[in-house]
Structures are given as structure tokens and as C-alpha cells.
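Sequential numbering from 1 along the given sequence is applied to the chain's residues. Note that the structure is predicted; figures quoted are calculated from it, not measured.
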Amino acid sequence: NSASAFWYFSRVCFDDATAQLRALAELHNGTIPLNDPDLMRIEADLKQTREKYQKAEAEFWRQLGVVEPAGEAEAVKKADEP
């Protein structure tokens with residue numbers, strides 16, 4: 001199933017990002033500057049992976065015939081915004 005494969009891929013991406021963040025934190029003695037180019041790249045990569053994951057998850061539920069209640073996806077999106 002392509003959705004399951006993508007979920008696994010997403011997990012690997014998140015684990016990789018975690019390792020990169022830990023290394024970056026060590027490099028900066030525990031405090032990563034907000035404008036650090038590596039941090040911004042990691043954030044962009046995570047955002048892209050999250051978007052792909054959400055699309056794959058929606059497709060997975062669509063294939064199962066489970067329909068998300070109207071407005072719920074938008075509420076979840078807004079709750080996740082900073």
C-alpha cells in the first residue's frame with residue numbers, strides 16, 4: 001500500500017531531522033540561532049514532509065471509504081499553525 005510506504009518514509013525523514021537537530025544543537029552548545037541556515041533548511045524539509053504525509057493520509061482514508069467530517073481538516077490545520 002502506497003500510503004503505508006509513505007508513512008514509513010515520513011518516519012525516516014522525521015528521525016533524520018531529529019538527528020540533524022541534535023547535531024546542530026551540539027554544534028551551537030545547545031542553543032541554535034533562529035536564523036541559522038541549517039535550521040531553516042531542516043524546518044523547510046519538515047514542512048514539506050508533513051504536507052506530503054497529510055496528503056498520503058487523506059488518500060489512505062479515502063481509499064478506505066472514511067470521509068473526514070466537514071471542517072475538521074481546516075480546524076486541525078489552524079490548531080497546528082504557530
Next on the checklist: Taking side chain to side chain donor-acceptor pair (under 3.5 Å) as the definition, give me every residue that meets it alongside Asp15, ordered by chain and number, with sequence neighbours left out.
Outcome noted: Arg11

Please tabulate, one pair per line, all N/O donor-acceptor pairs under 3.5 Å involving side-chain atoms of residues 34-43, not counting sequence neighbours.
from: Asp36; atom 1: OD1; to: Asp38; atom 2: N; distance (Å): 2.8
from: Asp36; atom 1: OD1; to: Leu39; atom 2: N; distance (Å): 3.1
from: Asp36; atom 1: OD2; to: His28; atom 2: NE2; distance (Å): 3.0
from: Arg41; atom 1: NH1; to: Gln20; atom 2: OE1; distance (Å): 3.2
from: Arg41; atom 1: NH1; to: Asp45; atom 2: OD2; distance (Å): 3.4
from: Arg41; atom 1: NH2; to: Gln20; atom 2: OE1; distance (Å): 3.1

Checklist entry - To the nearest 0.5 Å, how far apart are CD in Glu26 and CZ in Arg22? => result 9.5 Å

Checklist entry - Nearest 0.5 Å, what's the SG-CD distance between Cys13 and Gln48? => result 9.0 Å

Checklist entry - Is there a path of hydrophobic side-chain contacts, each under 4.5 Å between heavy atoms of I, L, V, M, F, W or Y residues, that connects Ile32 with Leu27? => result yes

Checklist entry - If you round to the nearest 0.5 Å, how far is CG of Asp16 from OG1 of Thr18? => result 8.5 Å

